[in-house]
Amino acid sequence: MTNAACPIPERISLNYHLLHKAKVVDDLRHIIVDLSRACKYISYALQTTDAGLNATSNSFGEEQLKLDVLADDILRQYLCESGLTSCYISEEQQDVVELSSDAPYAVVFDPLDGSSLVDANFSIGTIIGIFGSAPVVGQTPRDMVGSLYALYGPRTILVYSTGDGVHEFVLNDVGEFVLLREFIGIGDDAKNYSPGNLRAVTDNAKYREALNHWLDKEMTLRYSGCMVADLHHILSKGQGIFTNVGGSKYPEGKLRLVFECGPFAYLIDQAGGKSSNGMQSILDLKITDIDQRTPLIIGSSNEVDRTVNALSL
Ligand code: FBP
């Protein structure tokens, strides 16, 4: 709605974009704005809280950093405040957390992806997926109504899609996410590669062959150990391939379907890229368990196809 009283603002806020560009229903706009507020507070916490290990551990037996626990709690607070969340699944919670059964959305998230890197001051992030109904188990990532991530680096970035392109925002000096780029695209061919779970090459000969192909082609290695940063790099450069496939330590690869691979498969697909578990699109994988892992090959579509053939999973 623009008229003399409401001209298009100079800086496009996340709320404005959701209302006037993505044109999503009010409830979806509100929960995304609430989630962006949570990410803003996580960003501030990273800058102001020490990164010491907490005494607790999560359901996967991983030691929880204070910041893991804090990020999880901030997201819970904002989901409760939204009044729009029926339940949520978090990497830091053992089971589905029920909030209000008559609320419209089920939310999945990794509150602090790459948290083991925080003491090295690497960029880390938050990954969030939004389903239009519960239960999440039994659905596929393609059933999501939106996906977003925050990247806590030199600048705090938020990227979202609700099914009409991928759009990037930056947290400004007065604490508002303002539009940086709309309709981010990924080209079909890759020049950069991000090979995760590289320990697997010792017993996965086809992964070693894939790695050798990238080395022989003198492609550019870009890998930080944080999925959010590494996939944001692909979106920022408009090309690249990211992999995390199985070996003896992680037979299905290290990454979880529900709150890591699914939300990124949604975003990368919306940007014109592709994802696969080696046999089919990540988007079409049925969610059978909240902590199921899946091999992930994602990024520029031609390189995904070539790598899937090379791995012939
Ligand atoms: P956490 O969510 O426990 O941090 O693990 C996920 C992750 O850190 C991803 O962000 C990253 O892509 C991957 O693990 C790194 O795996 P690897 O160390 O095997 O390369």
Side-chain angles (χ1 to χ4, degrees), residues 39 42 45-46 51 53-54 56-72 75 88-94 108-129 147-153 157 159 192-204 207-208 210-211 214 221-236 240-265 267-268 275 277 282 290-299 307 311:
C39 293
I42 293 170
L46 287 172
L53 281 179
N54 204 341
T56 56
S57 63
N58 64 17
S59 53
F60 308 112
E62 296 157 343
E63 285 183 316
Q64 284 183 308
L65 292 171
K66 278 181 188 167
L67 288 168
D68 266 338
V69 176
L70 182 58
D72 185 64
L75 283 158
Y88 70 85
I89 294 172
S90 165
E91 183 184 71
E92 302 307 327
Q93 298 295 331
Q94 296 194 17
V108 298
F109 56 83
D110 181 352
L112 211 54
D113 173 74
S115 55
S116 56
L117 302 166
V118 73
D119 52 355
N121 202 32
F122 272 35
S123 296
I124 60 178
T126 296
I127 310 168
I128 302 170
S147 177
L148 60 150
Y149 66 82
L151 177 60
Y152 313 111
I157 296 290
V159 172
N192 300 337
Y193 67 104
S194 296
N197 193 28
L198 215 45
R199 60 184 72 77
V201 299
T202 55
D203 48 23
N204 182 335
Y207 198 22
R208 185 183 291 276
L211 176 64
W214 296 321
L221 172 66
R222 287 292 179 269
Y223 190 73
S224 75
C226 172
M227 181 183 197
V228 176
D230 294 327
L231 283 169
H232 183 69
H233 189 273
I234 291 176
L235 285 162
S236 294
I241 178 110
F242 176 96
T243 54
N244 194 301
V245 298
S248 55
K249 184 173 182 184
Y250 299 104
E252 292 301 312
K254 181 175 179 184
L255 302 175
R256 279 82 172 203
L257 173 61
V258 174
F259 41 72
E260 288 168 331
C261 300
F264 269 112
L267 288 163
I268 296 293
S275 68
N277 68 340
I282 296 289
I290 65 172
D291 67 352
Q292 81 196 77
R293 300 176 196 260
T294 175
L296 177 66
I297 303 104
I298 191 168
T307 304
L311 293 172

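Numbering of ligands and ligand atoms starts at 1, following listing order. Just so you know, residue 1 is the first one in the sequence shown, and it goes up from there.
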Self-check item: Tyr193-Thr307 side chain donor-acceptor pair, cut-off 3.5 Å
Solution: no
Quiz item: Where the closest heavy atom to atom 13 (C) of ligand 1 is concerned, which of Ser194, Gly225, Pro111, Ala229 has it?
Solution: Gly225
Quiz item: Once you round to the nearest 0.5 Å, how far does CD1 of Ile127 lie from CZ of Phe259?
Solution: 9.0 Å
Quiz item: Counting N and O atoms only, with roles assigned by atom type, does the side chain of Thr126 sit under 3.5 Å from a partner on the main chain of Pro111, one being a donor and the other an acceptor?
Solution: yes
Quiz item: Does Gly129 offer a backbone N or O that forms a donor-acceptor pair with the side chain of Ser147 under 3.5 Å?
Solution: no
Quiz prompt | The single option from Val118, Leu231, Asp113 passing side-chain contact (heavy atoms from CB on, under 4.5 Å) against Cys226 | solution = Asp113
Quiz item: What's the spacing between Thr294 OG1 and Leu257 CG if we round to 0.5 Å?
Solution: 6.0 Å
Quiz item: Is ligand 1 less than 4.0 angstrom away from at least one heavy atom of Tyr250?
Solution: no
Exercise. Give the numbers and elements of all ligand 1 atoms closer than 4.0 Å to a heavy atom of Ser115.
Key: 4 (O)
Quiz item: With only distance considered, is Asp110 within less than 3.5 Å of ligand 1 through an N or O on each side?
Solution: yes
Quiz prompt | Atoms in ligand 1 flagged as close to Cys226, the criterion being non-hydrogen separation under 4.0 Å | solution = 10 (O)
Quiz item: With atoms numbered from 1 as shown, which atoms in ligand 1 lie under 4.0 angstrom from a non-hydrogen atom of Met227?
Solution: 9 (C), 10 (O), 11 (C), 12 (O)
Quiz item: For ligand 1, is there an N or O atom under 3.5 Å from any N or O atom of Ser116?
Solution: no
Quiz prompt | Contact check: Glu91 vs ligand 1, nitrogen or oxygen atoms, below 3.5 angstrom | solution = yes
Quiz prompt | Which of the ligand 1 atoms, numbered from 1, are nearer than 4.0 Å to a heavy atom of Glu260 | solution = 2 (O), 6 (C)
Quiz item: Which ligand 1 atoms does Tyr223 reach within 4.0 Å, using its non-hydrogen atoms?
Solution: 12 (O), 15 (C), 16 (O), 17 (P), 20 (O)
Quiz prompt | Within-cut-off N or O pair, Gly114 and ligand 1, under 3.5 Å | solution = yes
Exercise. Identify, by atom number and element, the atoms of ligand 1 in contact range of Phe242, meaning under 4.0 Å from any of its heavy atoms.
Key: 12 (O)
Self-check item: Within 6.0 angstrom of Tyr223 OH, more than 12 heavy atoms from elsewhere
Solution: yes
Exercise. Rounded to the nearest 0.5 Å, what's the gap from NE2 on His233 to CZ on Phe242? Could you check?
Key: 13.0 Å
